[in-house]
Protein chains: 2
Amino acid sequence: MNIIAVLKALSNEKRLKILQWLKEPKKNFTSSHCDVETDGVCVGLIEEKIGLSQSTVSQYLMLLQQAGLINTERRGQWTYCKRNEKTIKELIKSLEML
Amino acid sequence: MNIIAVLKALSNEKRLKILQWLKEPKKNFTSSHCDVETDGVCVGLIEEKIGLSQSTVSQYLMLLQQAGLINTERRGQWTYCKRNEKTIKELIKSLEML
DNA sequence: AAAGTATATCGGGATTTTCCGATATGTCAA
DNA sequence: TTGACATATCGGAAAATCCCGATATACTTT
């Protein structure tokens, strides 16, 4: 875990929001073609909810992934996103030791 | 606590380093005119150790203070800095709930 | 094969961050 | 009260971030 990359990824209102939403997929998203809880949340649903352009959302998700905060998986024509709790826990531990 | 401001303040190598150093003042700083443990660490000592210009260090410390991560106190011709553990704890709690 | 849908990538304008040197302010000591 | 020292503030160049529209890619359906 690169703590600076993680902190940078988190220090943006919109990206932090995405991560919050992904904590409770069922509460925050509804999909007709998958179960957001088990499959993950696809890019389009996030885009729709956050009010940013498709390209920006795609880039932000890439950034969150590179920081290790989410995992993405391509299945068919969709890319599903899930939180990566491991990195979040690591961050908290690092901050506790800080 | 403004979590975005705190995360932004932390997401810089140099500022994170300063906060780390302030965790153990005695281990990281030596002053001839005060006790770094009880009085705090003055700006010049940080400047000397971090290898940034005086103005940059002053600005970074101001930023850390505005984020609530440190407290500064002017005494005579020196400004002493201490970590504000309260904000750090609040941040960790916020991230645990995130 | 063509058209539609979902996502990724590219190029770039606007804004913010990084970091500096110059200068101002405040304090102490002679 | 002058000069030395500690710190704060100002103005700005360079780099990074934010966010977009246009376009490319990939898959699905017809």
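Below, read A as the first sequence line, B as the second, and so on, with proteins coming before strands; counting in each chain starts at 1. All heavy atoms count here, side chains included; hydrogens, waters and symmetry mates do not.
Using a 4.0 Å cut-off between charged side-chain N and carboxylate O, B/Lys89 and B/Glu85 make no salt bridge.
Note on A/Ser55: every side-chain N or O is 4.0 Å or more away from OP1 and OP2 of C/dT9. For B/Asn12 and C/dT17, the shortest distance from a side-chain N or O to OP1 or OP2 is not below 4.0 Å. For B/Arg15, a side-chain nitrogen or oxygen approaches OP1 or OP2 of C/dT18 to under 4.0 Å.
When the nucleotides D/dT7, C/dG21, D/dC5 are ranked by their closest atom to the side chain of B/Ser53, C/dG21 comes out on top. Here C/dT7 is the nucleotide among C/dT7, D/dC10, D/dG21 with the atom lying nearest to any side-chain atom of A/Trp78. Each of C/dC20, D/dC5, C/dA8 was ranked by its minimum atom distance to the side chain of B/Gln59; first place goes to C/dC20. Nearest to the side chain of A/Gln54, among D/dC27, D/dC19, C/dT7, sits C/dT7. Listed nucleotides C/dT9, D/dT7, D/dC10 differ in distance to B/Thr79; the shortest reach to its side chain belongs to D/dT7.
The OG atom of B/Ser11 sits 10.0 Å away from atom CD1 of B/Ile4, with the distance rounded to the nearest 0.5 Å.
Within 4.0 Å (heavy atoms only), A/Thr56 reaches at least one base atom of the nucleic acid. Here A/Ser58 lies in heavy-atom contact (under 4.0 Å) with a base.
Rounded to a whole Å, the NZ atom of A/Lys8 is 9 Å from the C1' atom of D/dT17. The CD-P distance, from A/Glu47 to D/dC19, rounds to 14 Å in whole Å. Put simply, CZ on B/Arg75 is 12 Å from P on D/dT7, counting in whole angstrom units. Rounding to whole angstrom units, CD1 of residue A/Ile50 and C1' of D/dC20 are separated by 15 Å. Per the geometry, OH belonging to B/Tyr60 stands 3 Å off P belonging to C/dC19, to the nearest Å. Rounded to an integer number of Å, the gap from A/Gln65 CD to C/dT9 P is 10 Å. B/Ile46 places its CD1 atom 16 Å from the P atom of C/dC19, with the value rounded to the nearest Å. Between A/Glu48 atom CD and C/dT5 atom P there is a gap of 14 Å when expressed in whole angstrom units.
Take the nearest nucleotide of DNA chain D for A/Lys14 and for A/Arg74: the residue whose nucleotide is more 5' is A/Lys14. Take the nearest nucleotide of DNA chain C for B/Gly76 and for A/Met62: the residue whose nucleotide is more 5' is A/Met62.
In summary, the side chains of A/Ser53 and A/Thr56 do present a donor paired with an acceptor at a separation below 3.5 Å, with no hydrogens or angles considered.
Looking at every heavy atom in both residues, B/Glu37 comes nearest to B/Pro25 through OE2-CD, 3.9 Å.
A cation-pi contact links A/Arg75 to A/Tyr80, judged by a cut-off of 6.0 Å to the six-membered ring centre and 45° from its axis.
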